[in-house]
Amino acid sequence: MFVARRLVLAHFWVAFAAFLGAILLGEWQMFIRSPLSAWVNNPEHYYRSVTAHGTVMAYVLPTLVAMGFGYAISELALKRPLIGLRWAWGGFWLVIAGTAMAAITVALGKASVLYTFYPPMIASPFYYLGVVLVVVGSWIWVALMAINLRAWRKENPGATVPLAMYGNLAGAYLWAWTSVGAAVEVLVLILPASLGLTDTINAGLARVFFSWTLHAIVYFWLMPAYIAFYSIVPRAIGGRLYSDTMGRVAFALFLVFSMPIGIHHLFADPQVGAGFKFVHAAMTAMVTVPTLLTVFTIVASVEIAGRLRGGKGALGWIKTLPWDNPMMLAVTFAFVMLGLGGAGGIINMSYQLNETVHNTQWVTGHFHLIFAGAIVIMYFMVAYDLWPQLRRSGPLPAGLIRIQLWLWFVGMLVLTLPWHWVGILGMPRRMAYYDYSHPALQPQAWTVTASTLGGLLLVISAVLFVYILARARRTHEAPVPYTFSEAIHMPERTPVALNTFAVWVAMMIALTLVNYGWPIVQLASLEHASVPVIPIGGR
Amino acid sequence: MSEERLFSWGNRVVRRCVIALIALTVVSMLIGFVWLPSVQEDFTLEGLWAGICRAAGVPAQWGGDEDASRKGTSTAVVLEPAMARPGSNAEIGRGATLALNCTMCHGAQGMSLSNAPNLAGQYPEVVLKQLEDYRSGHRSSPIMEAIVKALSERDVRDLAAYYAYLPKARTAPTTYDETLPALVRVGDPLRNIAPCISCHGGVDQKLGAPWLEGMPKQYLVSQLQAFVAGTRHNDPGAQMRNMARSMTPEEIDEVATFYARKATAESEGTPHAEQVRIRAMILELHPQIRIEKLTLGREGAPLVVIDNFVADPDRLVKKATTAQFASGGRYYPGIRVKASPSYEHFLATQLPLLVGEYFGLASPSLRLSMCHYSLVTTPPGELSLLQRLPHVDSLAPEGLATIHYLFKQKHGGTAFYRHRATGYEYLDPVRGPVYSRALDAECAGPDRPLSEYINGDTSLFEEIARADGVFNRMLVYRRNSLHSGSIDRAFVPDPNPLTGRLSINSFVDPA
């Protein structure tokens, strides 16, 4: 790497320190509402903790990982020093300042509104301003990624953008556009109410704006993991990428379809018309396409690795795979969790099926399995893979890493499968306590204990993760030059559409206008649509 | 490759993608807006276009019969955060006068002696909402409905401001632990009973939810029973009716006992509310008021002496005889009790007119941060070091202090001083540290003041002005002037407001 080493390291360290704190909160939440603990005397403490856990895990951790990984990709894939290092540090400090501001406000009990805001509940303005700073800091990253690619294109006219950088930019553009929804919600609707300028809020409209962000943010979280699937995994397990073009198609499809589908989070909201709910459901189904493309391509790439190692026959290659390689283990775990979570996701996005699981523990189980499971396990691998470059250390201990990955995988399944099960039985989410003495609930009590134990495994795994990173020592040898995966057949020419973003960004914006334009205009122009705000922690 | 044009119909990839996306959008829209609604009767009832509009979230009419929805409304009041803002001094003063009509049931100072609810410290939006509900008939009570008819909207607002201003029945903080009844602390999730403390204070205090602690038990029980029976139905969304209906009579008794218990537990050691009452009254300036504007010492800080201040000072003294004094704290050598809101209101409105210009007050309205009846009762031998020295009440020059003498005996007045070592007659943030260092050094030495009240020059301080304690005289001075009560060494402490050294002391700040 050239100049961004310390920058990337700073992003990762802050991300993982915050992650460690937030995971402890998560486990505390599981414990106090399990039969192992008495009911929490002050349920507000529970919601305070949920808000902090969600804010860190959903905004701070993925944003910092995407930013840090993005800066690393920019230098490693484009093979040129990062342009705008000062701006990048500026963005980093904005994220830190925002995180601190939001965290302090939450800790004081002035913002127990959960990270999804939920107007007409209104928190202290400092909470929202903190979140805004985090987002603004990340916008600097978006701009820098675009500027760096542009500079590279000037030096390499007509050349194909490396796949890792293509995915990186897809994630950046996706984030830039998707964060607009929540930004409008906060700046136009919530902050005036929070600052006391208005006493009422158009909560229905605010929820529509948040849904604009809410689903695509998930794909922003997912991008670093997908970049790792395509551009790190095949190299790390000694294989080849099956298709470079397939990767580009997957990133382009994410850009188009992950954005204008968020109303599937509002199936139970009466203010949105049924027609739009169906259209969003149909387009949500389209997101399975790039996901399945990725699964196919990566499994094929893994098969190449198996065959290169002498595997024969229809399934014989599986045996010869490098199972002691942590990356092999991680990608397997990630796909198992992605498969289970993805299947659950298809149930969530189906207009009718959603009714059976809406706002139950099923939903909590779903997004933990997909994000905290499949995605975050790849965040770990990204960090492990980059660490020798960043710390100039030797290779990290594979044995410890395997233990850490196993703990995370088993812990995540033990945490989330019981949640899915009781969700189907109707257990509501976001409850500070359940009455296990009630005969109707008593049979479900074990599931909450099980999830608590699963959470404990995750805490141990998280501590181990940070320990492995922290004990890496600088060695005097120069690090092995970093490489990304090579495709088995690099296409002679990449279509210009798959080497640029203009078409996909244009489609993303056009589809947003079609899918969100009318609901927003209609709700904004509706009379008597505002309700009095409910200040939280005000007295 | 660079020759390949991106935005061109000739670009195969782009062309196919655009066509596919448009096709997908059109097909899903047709299904979502035309086909699926066509199998639902409520969508197709008024034709295809109406069905499409409905699927887009725009029904032909909202909510159907408007009369029907109005009939079921539990209240006409929309609770807004603005309703919870504290009232101005003027509103509180007006409210205090209006509240004289309420004392029969709700007690003087808002502490009920009957089974009517306490109103002291009640949140303003609660009083507003209940009074408006009585007015509109959403809550019924023959007495209250008749009373509220005579009140204007402004009266209601002023009353709410006044009651919110009074101190709450509870003074000690509650810890929320297992000693509380389960329903109060955690509710009962399976019966959909939320914890009381999640709305009524403790975990959160929701807008419009009343302060309950210290309420008469019988009132709480009767209201919960009324919610169960549906005879009280002004709770928005039937919140309280749904809670109360799930509660057993024993549970109603338990939570009512809990909320009522606090007042009695805390009033141990303090007398009955009857004795605490200081009735609100109408105050006027004395017709022969006399104002003397002076300056102090070399540094010339302002002092105003107002003689014949109020028209009926004896009434103020009489009020004090029914008040319950308590210890004056670290600084005041005696006992104190809050003066009546009407006196505060009177000062806040009169002082700007009488002395505002002389003290250079820019703001036309004033705020009283303290206003107490005070009686000097500490024997000289028990005075703390601080009480044996001239003092300032703050370092900021804007704040004023007043002392209104309400004794006819010779109990001394107030004197102003210069600190000999530093020459200071007043302090400010710069002088403060210098002064305290000097004084600390002096008090550590042989000049440490004796155990007696200050009266005249001392080895450390030189008296620069003195005003005698004359009945119905008021002094107004800056709080940062060095001053002290000048009390005779032979002073005999007397806790009787009729014969003791009674005064009303206030701190006045620009609002």
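Letters A, B, ... are given to chains in the order of the sequence lines, protein chains preceding strands, and every chain is numbered from 1.
- Side chains of A/Pro532 and B/Leu79 form no contact here, defined as non-hydrogen atoms less than 4.5 Å apart.
- Contact between A/Met431 and B/Pro189 at its shortest, heavy atoms only, is CE-CB, 4.3 Å.
- Nearest heavy atom pair, residue A/Gln522 against residue B/Ala56, reads OE1-O, 3.9 Å.
- Two residues are said to be in side-chain contact when any heavy atoms from C-beta on lie closer than 4.5 Å; B/Asp204 and A/Ile536 meet this criterion.
- Residues of residues 194-204 of chain A that come within less than 4.5 angstrom of chain B, heavy atom to heavy atom, are A/Gly196, A/Asp199, A/Thr200 in numerical order.
- Within the 4.5 angstrom heavy-atom criterion, no atom of B/Cys53 approaches chain A.
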Trace of the side-chain contact (heavy atoms from CB on, under 4.5 Å) decision for A/Phe257 with B/Leu24 | CA-CA 11 Å; A/Phe257 284 114; B/Leu24 175 77; 3.5 Å; yes
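- Taking CE from A/Met508 and CG from B/Leu21, the interatomic distance works out to 12.5 Å, rounded to the nearest 0.5 Å.
- Across B/Ile31, B/Leu190, B/Leu207, the residue that shares the most heavy-atom pairs under 4.5 angstrom with chain A is B/Leu190.
- Counted within 6.0 Å of CD on A/Glu155, heavy atoms from surrounding residues, nucleotides or ligands total more than 12; the atom is thus considered enclosed.
- Pairs engaging residues 187-199 of chain B under the side-chain hydrogen bond (donor to acceptor under 3.5 Å, both in side chains) rule: B/Asp188-B/Arg191, B/Arg191-B/Glu251 [sequence neighbours left out].
- For A/Ala502, the parts sitting under 4.5 Å from any heavy atom of chain B are the backbone and the side chain alike.
- Here the closest non-hydrogen pair linking A/Tyr433 and B/Pro195 is OH-CG, 3.5 Å.
- In terms of heavy-atom pairs under 4.5 Å with chain B, the best-connected choice from A/His438, A/Glu44, A/Lys277 is A/His438.
- For chain A, the nearby parts of B/Val18 are the backbone and the side chain; heavy atoms of each come within less than 4.5 Å.
- Annotation: the span from A/Phe278 atom CZ to B/Leu30 atom CG amounts to 10.5 Å, rounded to 0.5 Å.
- Neither the backbone nor the side chain of B/Ala182 has a heavy atom closer than 4.5 Å to any heavy atom of chain A.
- A/Glu492 CD: 12 or fewer foreign heavy atoms inside a 6.0 Å radius.
- Counting heavy-atom pairs closer than 4.5 Å to chain B, the top-ranked of the candidates A/Val256, A/Val503, A/Asp435, A/Ile122 is A/Val503.
- Enclosure of atom CZ in B/Arg15 by more than 12 non-hydrogen atoms of other residues, nucleotides or ligands within 6.0 angstrom is indicated.
- Looking at residues two or more places apart in sequence or on another chain, you find a side chain to side chain donor-acceptor pair (under 3.5 Å) between B/Arg241 and B/Asp235.
- Atom CG of A/Asn41 sits about 4.5 Å away from atom CZ of B/Arg185, to the nearest 0.5 Å.
- Residues of residues 509-519 of chain A placed with any heavy atom under 4.5 Å of a heavy atom in chain B are listed by number as A/Leu511, A/Val514, A/Asn515, A/Trp518.
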